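Atoms considered below: every heavy atom in the structure, side chains included; atoms not considered: hydrogens, waters and symmetry mates. None of these values were measured; they are calculated from a predicted model. Quick note: residue numbers are just sequence positions, from 1.
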Amino acid sequence: MGPHPAVAAIRLVVRRVLHDILDEHTRNPGEHSRSPVGPAGPGRIPEAPREREPAPLVLVACSGGADSMALASALAFEAPRLGVRAGGVTVDHGLQAGSDLRAAEVTLRLRGLGLDPVESVAVTVGRDGGPEAAARDARYVALDAAAERHGAAAVLLGHTRDDQAETVLLGLARGSGIRSLSGMAAVSGAAGRYRRPFLRLDRQTARKACMVQSLPVWDDPHNTDPAYTRSRLRHEGLPALEKALGKGVVEALARTAQLSRDDADALDAWAGRAEAGVRDADGRLECAGLHALPPAVRRRVLRRAAIDAGAPAGSLFARHIEEIDRLITGWRGQGAINLPGRVVVRRQGGRLVIRQG
């Protein structure tokens, strides 16, 4: 008798991701391989035996919740069968009493699954962007550091289709454009470090997989705290949409994310090619050339230029880009525009000058 359908579904998507990682590892071997020292011959030192390339290490980011525990269990099951090393990391945000004890419990559970290495990382959460954004930023810094420390090929994240739907709705509410509607990517981060195998699986599947395997899970009280925007959306917004529009809203929003991502990627590539054609010999953006571009492409060029000048991407919103765009399409001699990161944009002599300070 095979595993429960929920367990089988989760193992399947993890297996596919591990296959992808192995394929990439084969095509781009790491620095552990020893370079040949040259052919043997008279007066030459014989070539040393080539060291065998070690198996790639894949880490799972685990909070102890149902999604990440189901992911950790599937990784522990599939990795040895494919010759992949598997470990885990839990991040202690320090936002709740006893969070250090919870993190210690998670590390014990991960080791109990057979994962190695396993570690708990404590972080200090700042205030920039609000509590949710600040916690997310601190978490990714910690995960990046852990991946570097252990030489991990990838870090698996337990975001589900439900999380994707919530992300799309939050992007829609911000009015930040098609890139926000594209939600979370299945592969993201430097060199594709972060992988999200569960984006096409619902949250209930992960919880069911934990239940049938008797995996203990921790339910973060922040997930039900109405003080947090995502919590309100999860427990009030999405249920209201499903009541008004019927079942299938989550699936439709997840499809919207993928379609939006495809469109956004195509427009980003177009903007990347167009940018070279609208810069003068000194590298400044020419307003006439920008004006001739389609608005969606032009605004991407402007956004990229602002980020290159030092504006933080996470603080650069649609209204900022619209203000810069008016220097191109609605020029009336208006003054400089101040952007986050102390970046200033002004129009001079038919060109845009974008610099810090």
Check this for me, if you would: do Arg195 and Glu24 make a salt bridge, where the nitrogen-to-carboxylate-oxygen distance has to be below 4.0 angstrom?
yes
Just distance, no hydrogens or angles: give the donor-acceptor pairs under 3.5 Å from side chains in residues 208-220, sequence neighbours left out.
{"residue": "Gln213", "atom": "OE1", "partner": "Ser73", "partner atom": "OG", "Å": "3.0"}
{"residue": "Gln213", "atom": "NE2", "partner": "Ala209", "partner atom": "O", "Å": "2.9"}
{"residue": "Asp219", "atom": "OD1", "partner": "Arg207", "partner atom": "NH2", "Å": "2.8"}
{"residue": "Asp220", "atom": "OD1", "partner": "Gln96", "partner atom": "NE2", "Å": "2.9"}
{"residue": "Asp220", "atom": "OD1", "partner": "His222", "partner atom": "N", "Å": "2.9"}

Sequence-distant partners of Glu236, salt bridge (charged side-chain N to carboxylate O under 4.0 Å, His left out), two or more places apart:
none
Sorted by chain and residue number, the salt bridge (charged side-chain N to carboxylate O under 4.0 Å, His left out) partners of Lys247 (sequence neighbours excluded) come out as Glu242
Test side chain to side chain contact (heavy atoms under 4.5 Å, CB included) applied to Leu18 and Val58, step by step
CA-CA 8 Å; Leu18 293 181; Val58 176; 4.0 Å; yes
If the condition is salt bridge (charged side-chain N to carboxylate O under 4.0 Å, His left out), which residues does Glu166 pass it with, not counting sequence neighbours?
Arg203, Arg230, Arg234
Where at least one partner belongs to residues 115-126, residue pairs that pass side-chain hydrogen bond (donor to acceptor under 3.5 Å, both in side chains), sequence neighbours excluded:
Glu119-Arg149, Glu119-His150
Under 3.5 Å, which donor-acceptor pairs do the side chains of residues 136-147 form with other protein atoms, sequence neighbours left out?
{"residue": "Arg139", "atom": "NH1", "partner": "His93", "partner atom": "NE2", "Å": "3.0"}
{"residue": "Tyr140", "atom": "OH", "partner": "Arg196", "partner atom": "NH2", "Å": "3.1"}
{"residue": "Asp144", "atom": "OD1", "partner": "Arg193", "partner atom": "NH1", "Å": "2.9"}
{"residue": "Asp144", "atom": "OD1", "partner": "Tyr194", "partner atom": "OH", "Å": "2.8"}

Which pairs with one or both residues in residues 67-81 pass salt bridge (Lys or Arg N to Asp or Glu O under 4.0 Å), sequence neighbours excluded?
Arg15-Glu78
Report yes or no: do Ser260 and Asp263 form a side-chain donor-acceptor pair below 3.5 Å?
no
One thing to verify: whether Glu275 and Arg304 come together as a salt bridge, which I'm taking to mean a side-chain N less than 4.0 angstrom from a carboxylate O.
yes
Can you tell me which residue pairs pass the salt bridge (Lys or Arg N to Asp or Glu O under 4.0 Å) test with a partner in residues 251-261, sequence neighbours excluded?
Arg161-Glu251
With ring pair (Phe, Tyr, Trp, His ring centres under 6.0 Å) as the rule and sequence neighbours excluded, what pairs involving residues 229-249 come up?
none
Members sharing Leu108's hydrophobic cluster, built from side-chain contacts under 4.5 Å between Ile, Leu, Val, Met, Phe, Trp and Tyr, are none
Residues which pass salt bridge (charged side-chain N to carboxylate O under 4.0 Å, His left out) with Asp23, listed by chain and number, not counting sequence neighbours
none
Cut-off 3.5 Å, no hydrogens considered: what does the side-chain donor-acceptor table look like for residues 59-66, sequence neighbours left out?
{"residue": "Ser63", "atom": "OG", "partner": "Gly65", "partner atom": "N", "Å": "3.1"}
{"residue": "Ser63", "atom": "OG", "partner": "Ser68", "partner atom": "OG", "Å": "3.4"}

